[in-house]
*Asks:* 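Quick one: structure below, then a few questions.
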Amino acid sequence: MPYSQVKFDAAIWETVSNIKSGRVMSYGQVARIAGYPRHARMVSKAMGRCQTALPWYRVIRSNFTLAFKEGSNAYIKQRQLLEKEGVRFVNGKVVPLDSDANKDLDELLWGVPDHL
DNA sequence: CCCTTGACTATCT
DNA sequence: GAGATAGCCAAGG
C-alpha cells in the first residue's frame, strides 16, 4: 500500500483528538496507536496540516519534555495550555500522573526535587 | 538521484 | 546526565 498522506493525517488527528484533558502522549505513541509505527517525526507534520481545533499541545516528547525550543513562543503557549489543564512541570519536564508515590514531600509541596 | 531537514527515539559514551 | 550516534521516514531542493 502506497503511503497516503490523507489517511495518515486522518488517523493521527483521530488519535490526538482522543487524548483526554490533563493527559499527554508522545509522538511515537500517537504514531503507533494510529497504526503507523516509526512515524513519530511525521506526527507533527500531520498536526500542522489540521485545520480544525486539535489538542496538539497534549503531544510531547517521549522523555516528557516539550518538543519546541525552550523559551520560544510555541513552547510557552504549549506549556500554558497544559498547565491550564492541570499538567505540572518539574525541571521543564511533565510530571507523570501517577508518580506522586515516587515524589518526596518537598517536591509535592514546592514542585522542587530534592536532588538539586 | 543525492542531500538536507525535522514539533522524534533509543542507545551508547 | 549531557552529548554523540545511529536509526527512523516523508518532503523538498
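Labels below follow one simple rule: chain letters A, B, ... track the order of the sequence lines, proteins then strands, and each chain is numbered from 1.
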*Asks:* With a 4.5 Å heavy-atom cut-off, do R79(A) and L66(A) have their side chains touching?
*Replies:*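 Yes, close enough: below the 4.5 Å cut-off.
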
*Asks:* For the pair made of CZ in F64(A) and C1' in dC8(B), what is the distance, rounded to whole Å?
*Replies:*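 Checked: the CZ to C1' distance equals 15 Å.
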
*Asks:* Roughly how many Å is it from CZ in R38(A) to P in dT9(B), rounded to a whole number?
*Replies:*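 Distance, rounded to whole Å: 14 Å.
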
*Asks:* Give a yes/no answer on whether the side chain of H39(A) brings an N or O atom under 4.0 Å of OP1 or OP2 in dC8(B).
*Replies:*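 It does not, given that no N or O in the side chain of H39(A) lies less than 4.0 Å from OP1 or OP2 of dC8(B).
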
*Asks:* Whole angstrom is fine here: how far is it from CZ in R58(A) over to C1' in dA7(B)?
*Replies:*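 Nearest whole value for this atom pair: 17 Å.
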
*Asks:* Between atom NZ in K69(A) and atom P in dG6(B), what is the gap in whole Å?
*Replies:*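 Answer to the nearest Å: 13 Å.
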
*Asks:* Just wondering, more than 12 heavy atoms not from N73(A) lying within 6.0 Å of its CG?
*Replies:*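 Result for CG/N73(A): open.
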
*Asks:* Tell whether Y27(A) reaches the base of dA7(B) with its side chain through a donor-acceptor pair below 3.5 angstrom.
*Replies:*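 Counting by modelled atom types and ignoring angles, a donor-acceptor contact under 3.5 Å is found here.
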
*Asks:* What is the distance, to the nearest angstrom, from the CZ atom on F8(A) to the C1' atom on dA10(C)?
*Replies:*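 Those two atoms, CZ and C1', are 9 Å apart.
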
*Asks:* Reckon R41(A) has a side-chain N or O less than 4.0 Å from the OP1 or OP2 of dG6(B)?
*Replies:*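 So the side-chain polar atoms of R41(A) never come under 4.0 Å of the phosphate oxygens OP1 or OP2 of dG6(B).
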
*Asks:* Are the charged groups of E85(A) and R58(A) less than 4.0 angstrom apart, N to O?
*Replies:*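 Yes.
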
*Asks:* Please tell me if Q29(A) has a side-chain N or O lying less than 4.0 Å from either OP1 or OP2 of dC8(B).
*Replies:*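 No, because none of the side-chain N or O atoms of Q29(A) sits under 4.0 Å from OP1 or OP2 of dC8(B).
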
*Asks:* Applying a 4.0 Å non-hydrogen cut-off, can you work out what Q78(A) is touching in the nucleic acid: base, sugar-phosphate, or nothing?
*Replies:*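 Answer is nothing: Q78(A) stays at 4.0 Å or more from every strand.
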
*Asks:* Assign each of M42(A) and K93(A) to its nearest nucleotide of DNA chain C by heavy atoms, then name whichever residue's nucleotide is nearer the 5' end.
*Replies:*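 With M42(A) and K93(A) compared, the 5'-side residue is K93(A).
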
*Asks:* Flag the pair M42(A) / Y36(A) as yes when at least one side-chain heavy-atom distance between them is below 4.5 Å, and no otherwise.
*Replies:*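 The answer is no; the side chains never approach within 4.5 Å.
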
*Asks:* In whole Å, what is the span from the CZ atom of R79(A) to the C1' atom of dA7(B)?
*Replies:*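 Rounding to the nearest Å, CZ of R79(A) and C1' of dA7(B) are 17 Å apart.
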
*Asks:* Please confirm whether the shortest side-chain N or O distance from S62(A) to OP1 or OP2 of dT9(B) is below 4.0 Å.
*Replies:*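 Yes.
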
*Asks:* Side chains of V59(A) and S26(A): does their closest heavy-atom pair fall under 4.5 Å?
*Replies:*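 Contact flag for V59(A)/S26(A) side chains = no.
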
*Asks:* Can you identify which nucleotide, out of dA11(C), dA7(B), dC8(B), has its nearest atom closest to the A40(A) side chain?
*Replies:*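 The answer is dC8(B), which lies nearest to the side chain.
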
*Asks:* Can you find a side chain N or O atom of S26(A) that sits less than 4.0 Å from OP1 or OP2 on dT9(B)?
*Replies:*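 It does, given that an N or O in the side chain of S26(A) lies less than 4.0 Å from OP1 or OP2 of dT9(B).
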
*Asks:* Please give the distance between the P atoms of dA7(B) and dG7(C) as a whole number of Å.
*Replies:*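 Rounded to whole Å, the distance is 23 Å.
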
*Asks:* Want to settle it: does G28(A) or K45(A) sit nearer the 5' end of DNA chain B, counting the closest nucleotide to each?
*Replies:*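 Taking each residue's closest nucleotide, the earlier one in sequence belongs to K45(A).
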
*Asks:* Could you tell me the separation between the CD1 atom of I19(A) and the P atom of dA7(B), rounded to a whole number of Å?
*Replies:*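 Roughly 18 Å, once rounded to whole Å.
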
*Asks:* CG of L66(A) versus P of dG6(B): gap in Å, rounded?
*Replies:*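 In whole Å, dG6(B) P and L66(A) CG are 19 Å from each other.
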
